[in-house]
Amino acid sequence: MSGSNIIGILPGKYWSTKKDRPIIIGAHWDTVLNSTGFNDNGSGVAILLEVARVLGGATDCFQPDYTLFFVAIDSEEDGSYGSQEFLHKIIVPYYIKQGVGIQVIT
């Protein structure tokens, strides 16, 4: 299986510290066979992109306290592999680096 998650990060005031509590804004961008995909999660992807555009364009006057992850997730239709990959390859290592104990249940 292959796929690609697309990830954007807006570092918060507490980026890379134990105080950071990342906020994940995500939508899946894959679809099922024989579907255009538009009605599957097209609205979620549109909202994800618009929130990223608005907040990302305001960095000169706005910095969130907590880091924002914008994630377009692939392989959701095939067992949520994209979400699991994002958690295990990005989020868990981020928290381990900060020395914060977490538990991921999938």
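These values consider heavy atoms only, across backbone and side chains, with no hydrogens, waters or symmetry-generated copies. For this chain, numbers begin at 1 and follow the sequence in order.
- Pairs engaging residues 81-90 under the salt bridge (Lys or Arg N to Asp or Glu O under 4.0 Å) rule: E85-K89 [sequence neighbours left out].
- Between F69 and W15, the ring planes are tilted. Angles from 30° to 60° get that label.
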Test side chain to side chain contact (heavy atoms under 4.5 Å, CB included) applied to F86 and I91, step by step: CA-CA 7 Å; F86 172 68; I91 296 301; 3.5 Å; yes
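- The shortest side-chain heavy-atom distance between F70 and L10 falls under the 4.5 Å cut-off.
- Side-chain atoms of T67 come within 3.5 Å of backbone atoms of G12 as a donor-acceptor pair (strictly under, hydrogens ignored).
- The ring pair (Phe, Tyr, Trp, His ring centres under 6.0 Å) search around F62 returns none, not counting sequence neighbours.
- Note: the hydrophobic cluster containing L48 does not contain I6 (ILVMFWY, side chain heavy atoms under 4.5 Å, direct or indirect links).
- Here the closest heavy-atom approach between residue K13 and residue Q63 is recorded as N-NE2, 3.6 Å.
- V54 belongs to no hydrophobic cluster with other residues, because no ILVMFWY side-chain heavy atom falls under 4.5 Å from its own, directly or through intermediates.
- At least one donor-acceptor pair closer than 3.5 Å links the side chain of N5 to the backbone N or O of D74.
- Contact between A27 and V45 at its shortest, heavy atoms only, is CB-N, 3.7 Å.
- Each of L68 and I7 belongs to its own hydrophobic cluster when Ile, Leu, Val, Met, Phe, Trp and Tyr are linked at side-chain heavy-atom distances under 4.5 angstrom.
- L55 and Y14 fall within a single hydrophobic cluster, where Ile, Leu, Val, Met, Phe, Trp and Tyr side chains are chained together by heavy-atom contacts under 4.5 Å.
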From CA spacing to verdict: side chain to side chain contact (heavy atoms under 4.5 Å, CB included), I24, V71: CA-CA 7 Å; I24 301 167; V71 188; 4.2 Å; yes
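- Taking all atoms of both residues into account, the shortest heavy-atom contact from R21 to K18 is NH1-O, 2.8 Å.
- Under the 4.5 Å side-chain contact rule for hydrophobic residues, I9 and I25 do not share a cluster.
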